[in-house]
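If you're wondering where the values come from, they're calculated on a predicted model, not measured in any experiment. Position 1 is the first residue of the sequence, and the numbers go up from there. Counting starts at 1 for both ligands and their atoms, in listed order.
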Amino acid sequence: MNNGIESKRILVTGGAGFLGSHLCERLLKEGNDVLCVDNFYTGRKENVAHLMSHPLFEVIRHDVCFPLNVEVDEIYNLACPASPIHYQLDPVATTKVSVNGAINMLDLAKRLEVKIFQASTSEVYGDPEEHPQTESYWGHVNPIGVRSCYDEGKRCAETLFFDYYRQHGLRIKVARIFNTYGPRMHPNDGRGVSNFIVQALEGKELTIYGDGSQTRSFCFVDDLINGFLSLMKSSNEVTGPINLGNPDSRTILELAEKIIDLTGSNSKLSYKKLPSDDPVRRQPDISLARTVLNWKPSIELDEGLKTTIAYFDDLLSATA
Ligand code: NAD
Ligand code: UDP
């Protein structure tokens, strides 16, 4: 017990990554004992350096493709590279971590009889024909394309979660996360937000893939983590899948222009080839999260971008 609040031992796989480090931080703030498991494939020790002296924080270097034997009260399974350039670097490893990592964590949850959260993704909708996307939409996914290792890996992980739920009565919480941004994004992860901010701060051209008319909906990380916690705390009948993201949809061109404006940069735009299978549009319908979790994002794009720009500005100054 901690200040009258029940303290749990919580495992976060991928805890040294962008989202994982924010989640570990929040769980510690709530008085929990947090075990971060990461093989540092895309995660960084710097992301959790500020937590290392916390008496309730531990880190284990481990690849979740191999079984893990620890005693915990809850599991958040986030381990998996998330940005297209990172997950396409070693696509076989991406499928392995999505599938074998999920099986190992589900087996652990089954043995311990604990609740398990899965960081699924809007990528399960592929290049969607239904817009905005609701959880009942089955998606439009290329099974053999360059994004398939991630899309199909995450779809198979969802299948496994629901089979452990049906077959073993496991308590599961599956979140479909839409594009999220914020401090501790990897500066070289090749994503729209991080690329544009770094390019604008360095006075380089902002690289627009295609004509920039494709749309995405960007959620600030603090809002997303609130959604994770609400989902985990919801009653056992709430299994998901449940969309978590910000429905505020923007074109990529609009995002780039906004970042130039907010950074006060003189950078120009340069147009590049659109990557293969790049979805045309992506926008969450969050009616379910609003009703069931009473959750919705509250941080406006400008506000979130300003915080993220300040983070990258500090990072670039420190490495200059
Ligand atoms: P990230 O790449 O920053 O974090 C992933 C973490 O997993 C890293 O710390 C990495 O080192 C670790 N990892 C990778 N393979 C591992 C393995 N085999 N064993 C142990 N650790 C391993 O990405 P993120 O943005 O923090 O994403 C976290 C999770 O959320 C991922 O599962 C991702 O698919 C999901 N997600 C993220 C977004 C987003 O916009 N950031 C959107 C949808 C889904
Ligand atoms: N994008 C872009 N320039 C960049 C990086 C990304 O135009 O330098 C585009 C990318 O093609 C996609 C959108 O921005 O249409 C979002 O890309 P991101 O990798 O952030 O997320 P995802 O494609 O996984 O939604």
Query raised in the report: K96: heavy atom below 4.0 Å from ligand 1, yes or no?
Result: no

Requested in this report: Any atoms of ligand 1 less than 4.0 Å from a non-hydrogen atom of G43? List them with their elements.
Outcome: 8 (C), 9 (O), 10 (C), 11 (O)

Query - atom 14 (O) of ligand 2 - nearest protein heavy atom and its distance - result: I252 CD1, 3.5 Å

Query raised in the report: Side chain, backbone, both or neither: which part of E123 comes within less than 4.0 Å of ligand 2 when only heavy atoms are counted?
Result: side chain

Query raised in the report: If you measure from the Lys or Arg side-chain nitrogens to the Asp or Glu carboxylate oxygens, is any gap between D73 and R9 under 4.0 Å?
Result: yes

Query - Min heavy-atom dist S83 to ligand 2 below 4.0 Å - result: no

Report summary line: Of all protein heavy atoms, the one nearest atom 38 (C) of ligand 1 is I177 CG2, 4.0 Å

Query - From CA spacing to verdict: salt bridge (Lys or Arg N to Asp or Glu O under 4.0 Å), R111, E71 - result: CA-CA 10 Å; R111 178 178 75 74; E71 303 299 317; 3.2 Å; yes

Query raised in the report: Which atoms of ligand 2 are found less than 4.0 Å from any heavy atom of F196?
Result: 2 (C), 3 (N), 4 (C), 7 (O), 8 (O)

Requested in this report: Report yes if some N/O of F18 lies less than 3.5 Å from some N/O of ligand 1; otherwise report no.
Outcome: yes

**Report entry** Per-atom contacts, ligand 2 versus I208 - under 4.0 Å to a heavy atom
**Finding:** 7 (O)

Report task. Flag yes if more than 12 heavy atoms outside N236 fall under 6.0 Å of its CG atom; otherwise flag no. Result -> yes

Query - Short N-O contact, D38 and R61, less than 4.0 angstrom - result: no

Query raised in the report: Taking 4.0 angstrom as the limit, do R184 and E25 come out as a salt bridge?
Result: yes

Query raised in the report: Should L274 be counted as touching ligand 2, given the test is an N or O pair under 3.5 Å?
Result: no

**Report entry** Salt bridge present between K233 and E30 (N-O < 4.0 angstrom)
**Finding:** yes

**Report entry** Ion pair check, R176 and E135, cut-off under 4.0 Å
**Finding:** no

Requested in this report: Considering only non-hydrogen protein atoms, determine which one is nearest to atom 22 (P) of ligand 2 and report residue, atom name and distance to 0.1 Å.
Outcome: R147 NH2, 3.5 Å

Query raised in the report: Do E113 and R171 sit within salt-bridge range, that is, some charged N less than 4.0 Å from a carboxylate O?
Result: no

Query raised in the report: Identify the closest protein heavy atom to atom 20 (O) of ligand 2: which residue and atom is it, and at what distance?
Result: G192 N, 2.9 Å

Query raised in the report: Can you tell which part of H62 has a heavy atom less than 4.0 Å from ligand 1: side chain, backbone, both or neither?
Result: backbone

**Report entry** Distance filter under 4.0 Å to N195 heavy atoms, resulting ligand 2 atoms
**Finding:** 4 (C), 5 (C), 8 (O)

Query raised in the report: Looking only at N/O atoms, are S122 and ligand 1 under 3.5 Å apart anywhere?
Result: no

Query raised in the report: Which residue holds the protein heavy atom closest to atom 1 (P) of ligand 1, what is that atom called, and what is the gap in Å?
Result: T42 OG1, 3.7 Å

**Report entry** atom 24 (P) of ligand 1: nearest protein contact (heavy atom, Å)
**Finding:** A82 CB, 3.8 Å

Query - Close-contact set for ligand 1 against F40 heavy atoms, below 4.0 Å - result: 11 (O)

Query raised in the report: If you draw the axis of the six-membered ring of F40, does the NZ or CZ of K45 fall within 45° of it and under 6.0 Å from the ring centre?
Result: yes

Report summary line: The closest protein heavy-atom partner of atom 16 (C) of ligand 1 is N39 OD1, 3.1 Å

Requested in this report: Could you tell me whether Y165 atom OH has more than 12 heavy atoms of other residues or ligands within 6.0 Å of it?
Outcome: no

Query raised in the report: atom 4 (O) of ligand 1: which protein heavy atom is closest, and how many Å away?
Result: G17 CA, 3.5 Å

Report task. Could you check which of D38, V12, L23 puts a non-hydrogen atom nearest to atom 12 (C) of ligand 1? Result -> D38

Report task. Please report the C-alpha distance between V12 and L35 in whole Å, then the side-chain angles of each, then the deciding distance to 0.1 Å, and finally whether the side chain to side chain contact (heavy atoms under 4.5 Å, CB included) criterion is met. Result -> CA-CA 6 Å; V12 179; L35 174 59; over 6 Å; no

Query - Closest approach of any protein heavy atom to atom 21 (O) of ligand 2, naming residue and atom - result: N179 ND2, 3.2 Å

Query raised in the report: So is Y150 close enough to ligand 1, meaning a heavy atom under 4.0 angstrom away?
Result: yes

Requested in this report: Below 4.0 angstrom from a heavy atom of G14, which ligand 1 atoms are there? Numbered from 1 as shown, please.
Outcome: 6 (C), 7 (O), 9 (O), 12 (C)

**Report entry** Taking atom 16 (C) of ligand 2 as the reference point, the nearest protein heavy atom with its distance
**Finding:** R216 NE, 3.8 Å

Report summary line: re atom 28 (C) of ligand 1, the protein heavy-atom contact at minimum distance is L78 O, 3.6 Å

Query raised in the report: So, does N179 sit close enough to ligand 1 that a heavy atom of it is under 4.0 Å from the ligand?
Result: yes

Query raised in the report: Taking all non-hydrogen atoms of both residues, which atom of L255 and which atom of L305 are closest, and how far apart?
Result: CD1-CD1, 4.2 Å

Query - Ligand-side contact atoms (ligand 1) for residue partner K154, heavy atom cut-off under 4.0 Å - result: 31 (C), 32 (O), 33 (C), 34 (O)

Query raised in the report: Against heavy atoms of Y41, which atoms of ligand 1 measure under 4.0 Å?
Result: 11 (O), 14 (C)

Report summary line: atom 5 (C) of ligand 1: of G153, A102, C80, A175, the nearest heavy atom sits on C80

Query raised in the report: Does E123 come within less than 4.0 angstrom of ligand 1, counting non-hydrogen atoms of the residue?
Result: no

Query raised in the report: Which of the numbered atoms in ligand 1 are below 4.0 angstrom from a heavy atom of A79?
Result: 7 (O), 20 (C), 21 (N), 22 (C)

Requested in this report: Check if A16 has a non-hydrogen atom at a distance under 4.0 Å from any atom of ligand 1.
Outcome: yes

Query - Region of Q214 engaging ligand 2 - heavy atom pairs below 4.0 Å - result: side chain

Query raised in the report: For atom 3 (N) of ligand 2, what is the nearest protein heavy atom, given as residue, atom name and distance?
Result: T207 O, 2.6 Å

Requested in this report: Inspect the contact between K268 and E205 and indicate whether a charged nitrogen and a carboxylate oxygen are less than 4.0 angstrom apart.
Outcome: no

Requested in this report: Please report which non-hydrogen protein atom sits nearest to atom 39 (C) of ligand 1, along with the residue it belongs to and the distance in Å to one decimal place.
Outcome: R191 NH1, 3.6 Å

Query - Residue-ligand contact S120/ligand 1, heavy atom below 4.0 Å - result: yes

Query raised in the report: Looking at G190, which atoms of ligand 2 are within less than 4.0 Å of one of its heavy atoms?
Result: 5 (C)

Query raised in the report: Based purely on interatomic distance, does Q199 place a nitrogen or oxygen under 3.5 Å from a nitrogen or oxygen of ligand 2?
Result: no

Query raised in the report: Tell me, which protein residue and heavy-atom name are nearest atom 15 (O) of ligand 2, and how many Å apart are they?
Result: D278 OD1, 2.6 Å

Query - Salt-bridge criterion met for E303 and K306 (N-O under 4.0 Å) - result: no

Query - Non-hydrogen atom of R184 closer than 4.0 Å to ligand 1 - result: no

Report summary line: Filtering F178, Y181, Y209 for the heavy atom nearest atom 5 (C) of ligand 2 leaves Y209

Requested in this report: Name the orientation class of the two ring planes belonging to F220 and Y181 (parallel below 30°, tilted from 30 to 60°, perpendicular beyond 60°).
Outcome: perpendicular

Query raised in the report: Who's the nearest protein heavy-atom neighbour of atom 40 (O) of ligand 1, and how far?
Result: T180 N, 2.9 Å

